[in-house]
Amino acid sequence: MILDSLDADLKNIVAELAKKANLSLSEEIDRLVFFDISTEKDHGDYATSCALKLSKQFKLSPRELADQIVQQLNNTSIEKISIEGPGFINVFIKTEDKANALQNILAQGLDWGKLETHKGSVLVEFVSSNPTGPLHVGHGRGAILGMVLSNLLENSGYQVTKEYYVNDAGRQIAILTSSLLLNAYCDDFDADGTYEGEYIHALALQFKKTQSDNDLTLSFDSLSDDKDERLDQISAHLKNTSPELWNAAREFAVTNILQIIKGELEEFGIDHDTWFHESSLGSINKSESDLAKSFIDIENKGHTYKKDGASWFKSTDFADDKDRVLVRENGEPTYYMTDVGYHKNKIDREYDLCINVFGADHHGYIPRLTAAFDVMKNDKQDIEFMLYQLVNLYEDGNKRSMSTRRGEFYSLEDLRKELGPDVIKFFFLEKKSDHTMDFDINLAKEESKNNPYFYSQYAYVRCNSILRKKRFNPQEKISDQEINANFDLLVKVLNFPKHIKEYTEERSPHSLVHFVKELAASFHSFYETSPVICDDEAVSNARLLITETTKLVIEKSFRLLNVKPLEKM
RNA sequence: GCGCCCGUAGCUCAGUUGGAUAGAGCAUCUGGCUUCGAACCAGAGGGUCGGGAGUUCGAGUCUUCCCGGGCGCACCA
């Protein structure tokens with residue numbers, strides 16, 4: 001890319017100037033000295049404000065510094081260079097070089113936009129919804145976010161592992177197991193707080209068929225009035241009186257619900273590389289288990305203490321607002337402890353970076369998890385969190401309720417069946433993730449410009465439609481006129497890698513959606529003003545090349561977004 | 001009460017590590033199909049960037065205080 005070469009030259013020049021002035025500015029040069037893509041044609045192709053930022057250090061006026069930089073900047077691609085306003089340096093690139101760059105995109109194909117800027121291994125943990133029921137709409141947002149983030153990271157050179165953490169132990173699973181058994185064997189047993197809904201009834205029926213003892217009757221003696229106590233009594237009773245049945249039911253429920261979840265994720269093209277089961281963390285009492293290893297690690301490093309019979313982690317030494325219990329008085333690990341053990345396992349698998357995609361309601365969890373991670377990690381490892389906020393569904397101007405009293409809820413599957421997976425991806429990704437979003441179902445169904453998904457697909461379809469009609473010679477020289485007349489479109493196509501790099505580093509998949517929308521808009525405008533198939537063969541050839549490269553960039557973007565480009569609509 | 005997130009056009013939202021005149025779409029108004037797909041394009045109006053103070057060549061962006069909204073503050077998971 002021309003821009004990379006310009007950036008390198010600029011950094012070298014400023015470094016030289018700093019050296020002459022006896023200034024050590026390597027950090028500033030790294031951070032502040034670079035070219036931006038100009039937002040206006042008048043400002044050239046690229047602009048830098050580095051002279052404004054560094055004038056103080058150099059004890060020069062910004063324009064004086066800019067002048068010194070400009071005198072040395074003689075990159076062969078530069079057509080014209082000027083200093084404007086308070087000290088901006090604007091660079092105009094030779095039209096011929098832009099034309100060459102455009103032709104070069106064709107040679108790269110879908111590798112255009114692929115980066116080699118990052119190294120190392122990343123674990124992205126996302127979805128990790130409890131296997132107690134189908135995914136709801138909110139899970140979908142996290143799922144799509146995690147997937148596209150993974151795509152971007154992979155595209156930039158990282159070795160990415162996508163992981164789903166399965167909470168297959170603990171109280172929620174006990175309640176799920178009870179729910180299944182009650183549904184299978186107790187007619188009209190109404191226990192507040194158990195899982196209900198069609199999927200439970202269906203699973204219960206299936207489960208019953210797998211058991212030889214078909215007419216089992218379950219009975220309960222005195223049950224507490226307190227909802228939670230009662231649920232635990234039911235679980236304990238079932239588990240103790242029929243341990244084999246209990247284990248079979250638990251296994252059956254978890255396996256089958258995971259299958260439902262996995263199937264739904266597949267519909268969205270989301271595939272996790274690993275499914276990590278909480279139950280595999282082992283027992284806190286066995287020293288080789290991840291759970292015990294993580295506890296011992298923190299203990300050995302001197303960050304634990306005993307209080308009220310429990311074992312605590314002094315997380316307040318690491319920016320947490322209160323200390324946390326790891327092991328209860330009764331010897332049972334807390335949920336937090338299991339998550340610490342899980343992260344110890346991630347650390348031992350030697351990932352350089354662990355990214356957790358969390359629902360924003362878990363944000364309070366970040367300081368304590370970071371604290372434990374920082375204690376256990378090696379000094380090259382890092383943890384990051386991405387939060388996603390709630391989704392509100394609107395239909396006909398009214399907020400739509402996503403759950404009912406009966407435990408039924410409007411699931412991700414329901415939404416997908418209503419709209420299709422790709423339009424949902426586009427809408428979910430369009431908004432910044434840490435921002436509650438209003439999802440307008442009517443708009444998502446609309447097939448018009450109002451709907452950014454269709455608008456973008458339509459641009460791709462138009463590209464294809466044109467390219468089917470006429471072939472072109474990719475080597476033929478392109479006139480300056482065609483390059484200059486289509487600045488708005490080409491600036492996006494030619495700088496695609498720079499944008500992708502930024503979206504990856506900023507962890508902002510939503511920016512990619514906005515990029516595609518804007519690229520589509522530029523193409524639609526180009527389409528109206530510049531007939532591609534026309535009598536002038538040279539002009540036609542150039543425009544076909546522009547169309548082809550635009551198509552490539554849209555296609556590549558769609559792939560990163562996990563959206564299937566449509567040849568026809 | 002403490003912590004995190006958010007507040008930009010009537011609505012839904014962007015806004016490039018602080019940059020040049022704050023942008024899209026919807027809605028309103030005007031114009032454009034005999035031709036590559038009008039599922040589109042061109043144009044107009046619409047703003048105290050929640051409010052005040054500060055930092056500096058420059059603030060929607062950073063700091064601080066206030067106002068308003070969401071979420072979280074367990075030996076639950």
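The sequence lines fix the lettering, A, B, ..., with proteins before strands; numbering per chain opens at 1. Below, each value reflects all heavy atoms present in this structure, side chains not excepted, and no hydrogens, waters or symmetry copies.
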Would you say [N] has OP1 or OP2 under 4.0 Å from some side-chain N or O of [X]?
X	N	answer
A:Lys56	B:C57	yes
A:Lys307	B:C75	no
A:His362	B:A77	no
A:Tyr455	B:C41	yes
A:Arg468	B:C36	no

(message) To the closest 0.5 Å, what do you measure between CG (A:Leu512) and CG (A:Leu429)?
(response) 8.5 Å
Identify whether any heavy atom of [X] sits under 4.0 Å from a base atom; if not, whether one sits that close to sugar-phosphate; answer base, sugar-phosphate or nothing.
X	answer
A:Arg31	base
A:Ser465	base
A:Glu329	base
A:Val461	base
A:Asp440	nothing
A:Lys498	nothing
A:His363	base

Watson-Crick or G-U wobble partner of [N], both distances under 3.5 Å:
N	answer
B:G58	none
B:C49	none
B:A42	B:U30
B:C71	B:G3
B:C11	B:G25

Options [options], nucleotide nearest the side-chain atoms of [X]:
X	options	result
A:Thr436	B:A39, B:C13, B:G70	B:G70
A:Asp438	B:U12, B:C41, B:A74	B:U12
A:Tyr365	B:A77, B:U56, B:A14	B:A77
A:Asp361	B:G15, B:C71, B:U12	B:C71
A:Met437	B:G3, B:C5, B:C13	B:C13
A:Tyr458	B:C75, B:C40, B:G72	B:C40
A:Leu52	B:A77, B:G15, B:C57	B:C57

(message) Taking only the P atom of each, what is the distance from B:C13 to B:C6 in whole angstrom?
(response) 14 Å
(message) I'd like the P distance from B:U12 over to B:A27, given in whole Å.
(response) 15 Å
Do [X] and [Y] have side-chain atoms, one donor and one acceptor, less than 3.5 Å apart?
X	Y	value
A:Asp323	A:Thr316	yes
A:His277	A:Asp168	yes
A:Glu299	A:Tyr305	no
A:Glu163	A:Tyr342	yes
A:Tyr46	A:Asp7	no

Length of the [atom1]-[atom2] vector between [X] and [N], whole Å:
X	N	atom1	atom2	result
A:Phe385	B:C5	CZ	P	14 Å
A:Leu387	B:G72	CG	P	13 Å
A:Lys517	B:A14	NZ	C1'	7 Å
A:Glu430	B:G23	CD	P	20 Å
A:Lys470	B:C36	NZ	P	14 Å
A:Tyr453	B:G25	OH	P	21 Å
A:Lys432	B:U8	NZ	P	11 Å
A:Asp434	B:C6	CG	C1'	8 Å

(message) Looking at A:Lys53 and A:Glu28, is any side-chain nitrogen of the basic one under 4.0 Å from a carboxylate oxygen of the acidic one?
(response) no
Protein and nucleotides 20-22 of chain B: nitrogen or oxygen contacts under 3.5 angstrom:
from	atom 1	to	atom 2	distance (Å)
B:A20	N6	A:Asn90	OD1	2.7
B:A20	N1	A:Asn90	OD1	3.3
B:A20	N1	A:Asn90	ND2	3.2

(request) Check RNA chain B against residues 527-536 of chain A and give the residues with a non-hydrogen atom under 4.0 Å, in numerical order. (result) A:Tyr527, A:Glu528, A:Ser530, A:Pro531, A:Val532, A:Ile533
(request) Please state whether the rings of A:His514 and A:His510 are parallel, tilted or perpendicular, taking 30° and 60° as the class boundaries. (result) perpendicular
(request) Could you list all the salt bridge (charged side-chain N to carboxylate O under 4.0 Å, His left out) pairs where at least one residue sits in residues 492-506 of chain A, not counting sequence neighbours? (result) A:Lys501-A:Glu505
(message) I need the full list of salt bridge (charged side-chain N to carboxylate O under 4.0 Å, His left out) pairs touching residues 80-90 of chain A, with sequence neighbours left out, sorted by first then second residue.
(response) none
(message) If the condition is salt bridge (Lys or Arg N to Asp or Glu O under 4.0 Å), which residues does A:Asp228 pass it with, not counting sequence neighbours?
(response) A:Arg171
(request) With sequence neighbours left out, write down each residue that passes side-chain contact (heavy atoms from CB on, under 4.5 Å) with A:Arg63, or none if nothing qualifies. (result) A:Ser61, A:Ile83
(request) Find which nucleotide of RNA chain B each of A:Glu567 and A:Ser49 is nearest to by heavy atoms, and output the residue with the more 5' nucleotide. (result) A:Ser49
(request) Using heavy atoms to find the nearest nucleotide of RNA chain B for A:Glu502 and A:Asp321 separately, return the residue whose nucleotide is more 5′. (result) A:Glu502
(request) Check step by step if ring pair (Phe, Tyr, Trp, His ring centres under 6.0 Å) holds for A:His524 and A:Tyr455. (result) CA-CA 9 Å; A:His524 285 309; A:Tyr455 183 73; 4.7 Å; yes
